[in-house]
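Notes follow once the structure below has been shown.
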Amino acid sequence: MAETMVTVVGNVATSVDYRDTAAGGVAKFRLAARARRWDREKATWVDGPTSFYSVSAWRTLGANLAASVAVGDPLMVHGRLKVREEEWEGQRRTFVDIDAVAAGHDLTRGTSAFRRATRPEAELTERQGHAAQREMVPEAVPAGGFAG
């Protein structure tokens, strides 16, 4: 079965909850998205109903979201759509989740300053360090540039 990918533009509705798990860190929050349309009869913009999505972002994306996003921020989230039904307070309820693969501030509503995340350097064993140094020997690169 093919995955359904969606891009949702909305506002962060809850604080980002970041937790470390055995599978890697995960950030979870709710995203509120409201459709707006132009009402010709009233000559004004009209808000439609609000849809809420539970967003999960794993590993680096989750850590970066937790460090960058606050309640109320305009956000664009792209990811896998998952719809599930559960029994909740005696009633069948439908929940819509997004497993995010990319996210960022909605720059139509403000500015943002990007800072590249730094990756921690993995500690090399002495054997790995010598192997890495051998791979970086200048003679391994042809005089005309990199082989491609």
Side-chain angles (χ1 to χ4, degrees), residues 1-125 127-129 131-136 140-141 145-148:
M1 183 167 105
E3 294 178 328
T4 302
M5 301 296 285
V6 296
T7 301
V8 179
V9 178
N11 287 12
V12 178
T14 63
S15 59
V16 178
D17 179 29
Y18 181 80
R19 296 181 185 195
D20 285 314
T21 69
V26 61
K28 294 185 178 192
F29 63 95
R30 300 272 289 161
L31 184 71
R34 179 180 298 183
R36 288 180 59 96
R37 65 177 180 79
W38 180 255
D39 186 332
R40 290 182 184 172
E41 293 175 8
K42 297 179 183 175
T44 186
W45 287 98
V46 177
D47 289 333
T50 303
S51 297
F52 288 91
Y53 302 88
S54 297
V55 178
S56 297
W58 291 88
R59 293 173 277 293
T60 304
L61 177 58
N64 290 343
L65 274 167
S68 304
V69 171
V71 173
D73 282 0
L75 205 64
M76 297 174 62
V77 175
H78 180 74
R80 292 173 208 81
L81 182 68
K82 297 182 180 181
V83 179
R84 59 188 166 85
E85 287 190 15
E86 291 183 10
E87 188 79 25
W88 196 68
E89 295 182 355
Q91 296 180 352
R92 290 293 281 167
R93 292 269 180 111
T94 301
F95 296 92
V96 183
D97 302 331
I98 299 173
D99 188 11
V101 296
H105 286 108
D106 180 359
L107 298 180
T108 62
R109 298 191 273 160
T111 63
S112 185
F114 181 79
R115 289 184 307 277
R116 187 171 303 278
T118 57
R119 293 185 183 202
E121 299 261 343
E123 290 189 31
L124 298 175
T125 64
R127 175 180 246 164
Q128 290 170 323
Q133 287 175 349
R134 282 194 303 273
E135 291 175 3
M136 295 174 32
V141 178
F146 290 101

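Computed from a predicted model, the values in this text were never measured in an experiment.
Interatomic distance, Tyr18 OH to Leu65 CG, rounded to the nearest 0.5 Å: 10.5 Å.
For Glu87, the side chain to side chain contact (heavy atoms under 4.5 Å, CB included) test picks out Arg92, with sequence neighbours left out. Considering only residues two or more places apart in sequence or on other chains, Glu89 meets the side chain to side chain contact (heavy atoms under 4.5 Å, CB included) condition with none of them. Ser51 is linked by a side chain to side chain contact (heavy atoms under 4.5 Å, CB included) to Tyr53, counting only residues two or more places apart in sequence or in another chain.
More than 12 heavy atoms of other shown residues, nucleotides or ligands fall within 6.0 angstrom of atom CZ in Arg84.
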With side chain to side chain contact (heavy atoms under 4.5 Å, CB included) as the test, would you mind laying out the steps for Lys82 and Ile98 before giving the verdict?
CA-CA 6 Å; Lys82 297 182 180 181; Ile98 299 173; over 6 Å; no
Let's go through Val46 and Trp38 carefully: what are the C-alpha distance in whole Å and the side-chain angles of both, what is the deciding distance for side chain to side chain contact (heavy atoms under 4.5 Å, CB included) to 0.1 Å, and is it a yes or a no?
CA-CA 6 Å; Val46 177; Trp38 180 255; over 6 Å; no
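Of all the heavy atoms in Ala33 and Val8, the pair that sits closest is CB-CG1, 3.8 Å. Closest heavy-atom contact between Arg30 and Ser54: NH1-OG, 2.8 Å.
With a 4.5 Å cut-off on side-chain heavy atoms, Glu85 and Phe95 do not count as touching. In this structure, the side chains of Val83 and Thr94 come closer than 4.5 Å at one or more pairs of heavy atoms. Counting heavy atoms from C-beta on, the side chains of Leu107 and Ser112 come closer than 4.5 Å.
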Throw together a table of side-chain donor-acceptor distances under 3.5 angstrom for residues 22-29, partners on residues two or more places apart or in other chains.
none

Just list the side-chain donor-acceptor pairs under 3.5 Å for residues 70-81, sequence neighbours left out, or say none.
unit_1	atom_1	unit_2	atom_2	d
Asp73	OD2	Ala70	N	3.0
Asp73	OD2	His105	NE2	3.2
His78	ND1	Val6	O	3.2
His78	ND1	Thr7	OG1	2.7
Arg80	NE	Glu3	OE1	3.2
Arg80	NE	Glu3	OE2	3.2
Arg80	NH1	Asp99	OD2	3.3

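In the model, Arg59 has no side-chain atom that pairs as donor or acceptor with a side-chain atom of Asn64 under 3.5 Å.
Sorted by first then second residue, the salt bridge (Lys or Arg N to Asp or Glu O under 4.0 Å) pairs that include residues 36-46, not counting sequence neighbours, are Arg36-Asp47.
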